[in-house]
Q: 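Please find one structure pasted underneath; my questions will follow.
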Protein chains: 2
Amino acid sequence: MDKTIDSIFKQYSTASMFELLHKKINEIITLTDEEFNYCRTAFTPRKLRKRQYLLQEGDVGKYQAFVEKGLLRSYKIDDKGVEHILQFAPEGWWVADLYSFFTDEPSSFNIEALEDSEVLLINKSSWDMLLQNVPKFERYFRVLLQNNLVATQRRLMGSLSETAEEKYLKYTQTYPDCMQRVPQHMIASYLGITRETLSRIRKQLSEKK
Amino acid sequence: MDKTIDSIFKQYSTASMFELLHKKINEIITLTDEEFNYCRTAFTPRKLRKRQYLLQEGDVGKYQAFVEKGLLRSYKIDDKGVEHILQFAPEGWWVADLYSFFTDEPSSFNIEALEDSEVLLINKSSWDMLLQNVPKFERYFRVLLQNNLVATQRRLMGSLSETAEEKYLKYTQTYPDCMQRVPQHMIASYLGITRETLSRIRKQLSEKK
DNA sequence: AAATAAGTGTGATCTAGATCAATTATTTTT
DNA sequence: AAAAATAATTGATCTAGATCACACTTATTT
């Protein structure tokens with residue numbers, strides 16, 4: 001049947017895989033078809049199953065990953081064995097250990113798929129080539145980094161000044177979509193509080209209103 | 001006397017003011033003389049006296065500032081009236097409220113000179129022109145932002161996982177120079193602890209060793 | 001050289017959130 | 001559909017660091 005053939009085609013077509021990346025890039029810079037076609041060659045698609053690691057502590061973070069589908073997280077385990085989540089990365093976001101990527105030092109982060117996911121990977125030499133051959137990408141990444149820095153500074157200031165409840169409320173407002181997709185104890189870990197405290201806060205809030 | 005004339009000359013000469021900026025830019029990108037001369041025109045030098053504000057909460061952060069001499073801080077005051085320092089900026093560093101600078105929204109930060117200082121200011125339209133006329137600067141700022149993001153992510157993860165003492169020790173190792181120049185209670189505020197706690201930690205450390 | 005302001009040190013007390021310990025859902029696997 | 005693994009809730013207790021309240025030092029101003 002046509003339907004089957006079509007879905008097989010879709011499964012193997014890389015055309016569809018680059019849709020979101022294309023859209024996202026276009027929001028910041030304007031590329032010619034030729035430039036975008038070159039850009040495609042710089043990336044390798046990869047599928048990840050739920051719980052699969054893209055990067056494990058101790059390895060070098062050889063890739064920056066653009067998330068086409070699914071949801072990943074990057075996190076670190078401290079000396080006491082506690083997990084701290086740096087980032088959730090749903091569709092349209094980038095994840096990587098930038099430090100490890102740029103320095104080739106072993107990473108102290110883990111990056112893991114929280115859902116079955118599809119990512120586009122770019123390694124250091126492809127990335128260097130991309131910037132060299134399409135200098136507009138300097139601007140694209142500059143803008144991404146700018147936004148990311150502003151958001152991270154905000155989160156830092158919040159972590160220094162807000163109560164656990166304030167952090168939670170701000171989080172639910174800022175990332176309402178992630179709420180459904182991420183288990184509670186990971187939200188707690190992202191916020192820098194314990195699962196128990198988050199559970200109590202949610203109870204209080206539901207009673208209050 | 002020659003000496004007097006010379007020092008008057010130096011005081012008004014802008015040549016010397018751009019030395020550090022030039023050096024810093026050269027560490028990341030290579031500019032022709034022509035390009036750097038254009039770059040100069042984009043900046044306005046300004047002297048700040050100790051305690052003078054470069055930006056006050058509520059105003060729009062119209063400039064990014066490169067510090068040629070002296071030391072500034074950017075900080076925010078929370079709902080309870082407590083100060084939280086985002087950044088110390090000694091010679092060779094940039095300070096700004098990036099969010100306010102890029103969006104034209106009123107800033108929630110204060111930026112203040114902690115010593116008599118000299119800064120080079122660049123406003124939004126000069127900055128846009130600079131990037132347009134010397135696209136290499138996209139790369140320069142991309143690299144700056146990259147490094148800044150990595151450092152801020154580190155600080156965030158630290159603020160979630162380290163004890164007050166660990167934060168202090170890490171700080172003294174990472175910025176030994178700032179220790180002499182910044183009053184203790186501001187270091188506490190940067191670390192997200194109270195002056196009292198920092199004072200006790202320092203006492204303990206001095207007794208221990 | 002007073003006078004004023006800014007910064008530091010120390011004790012006594014308090015508290016938000018952590019830790020410990022079970023219990024009860026909810027998913028996932030077989 | 002049962003067993004196993006993962007998550008979430010709830011109570012009891014503990015603690016790092018905050019808060020409050022002064023005394024003491026060191027810089028700035030006048």
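Residue numbers start from 1 in every chain, and the chains themselves are labelled A, B, ... in the order their sequence lines are given, proteins ahead of strands. Keep in mind it's a predicted model, so treat the numbers as computed, not measured.
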Q: Would you tell me if any nitrogen or oxygen in the side chain of Thr194(A) comes within less than 4.0 Å of OP1 or OP2 on dA18(C)?
A: yes
Q: Using whole Å, what does the distance between atom P of nucleotide dG9(C) and atom CD of Glu196(B) come to?
A: 11 Å
Q: How many Å lie between CG on Leu160(B) and P on dA16(D), as a whole number?
A: 19 Å
Q: Are any of His185(B)'s side-chain N or O atoms less than 4.0 Å away from OP1 or OP2 of dT8(C)?
A: yes
Q: Which part of the nucleic acid, if any, lies within reach of Arg200(A) when heavy atoms closer than 4.0 Å are counted: base, sugar-phosphate only, or nothing?
A: base
Q: At 4.0 Å (heavy atoms only), tell me whether Ile193(A) reaches a base, stays on the sugar-phosphate, or touches nothing.
A: sugar-phosphate
Q: Rounded to the nearest Å, what distance is computed from the CZ atom of residue Arg51(A) to the C1' atom of nucleotide dT28(C)?
A: 8 Å
Q: Provide, to the nearest angstrom, the distance between the CD atom belonging to Glu166(B) and the P atom belonging to dA16(D).
A: 12 Å
Q: Whole Å only: how far is the CG atom of Asp78(A) from the C1' atom of dT19(C)?
A: 15 Å
Q: For this output row, return yes or no: ring centroids of Tyr75(B) and His84(B) closer than 6.0 angstrom.
A: no
Q: Does the ring center of Trp94(B) lie less than 6.0 Å from the ring center of Phe141(B)?
A: yes
Q: Between dG11(D), dA18(D), dG17(C), which one does the side chain of Thr197(B) approach most closely?
A: dA18(D)
Q: Quick check: on DNA chain D, is the nucleotide nearest Leu198(A) upstream (toward 5') of the one nearest Glu162(B), or the reverse? Name the residue that is more 5'.
A: Leu198(A)
Q: Return the value, rounded to whole Å, for the distance between atom CD of Glu165(B) and atom P of dA18(D).
A: 14 Å
Q: Expressed as a whole number of angstroms, how long is the span from Met179(B):CE to dT8(C):P?
A: 10 Å
Q: Any salt bridge between Asp177(B) and Arg181(B), counting N to O under 4.0 Å?
A: no
Q: Looking at every strand, decide which applies to Lys50(B) at a 4.0 Å heavy-atom threshold: base, sugar-phosphate, or nothing.
A: sugar-phosphate
Q: Counting the benzene-type ring for Trp, do Phe88(B) and Tyr175(B) have ring centres under 6.0 Å apart?
A: no
Q: Without decimals, in angstroms, what is the distance between Gln184(B) CD and dT10(C) C1'?
A: 13 Å
Q: Determine yes or no for a side-chain-to-main-chain donor-acceptor pair under 3.5 angstrom, with Ser126(B) supplying the side chain and Ile122(B) the backbone.
A: no
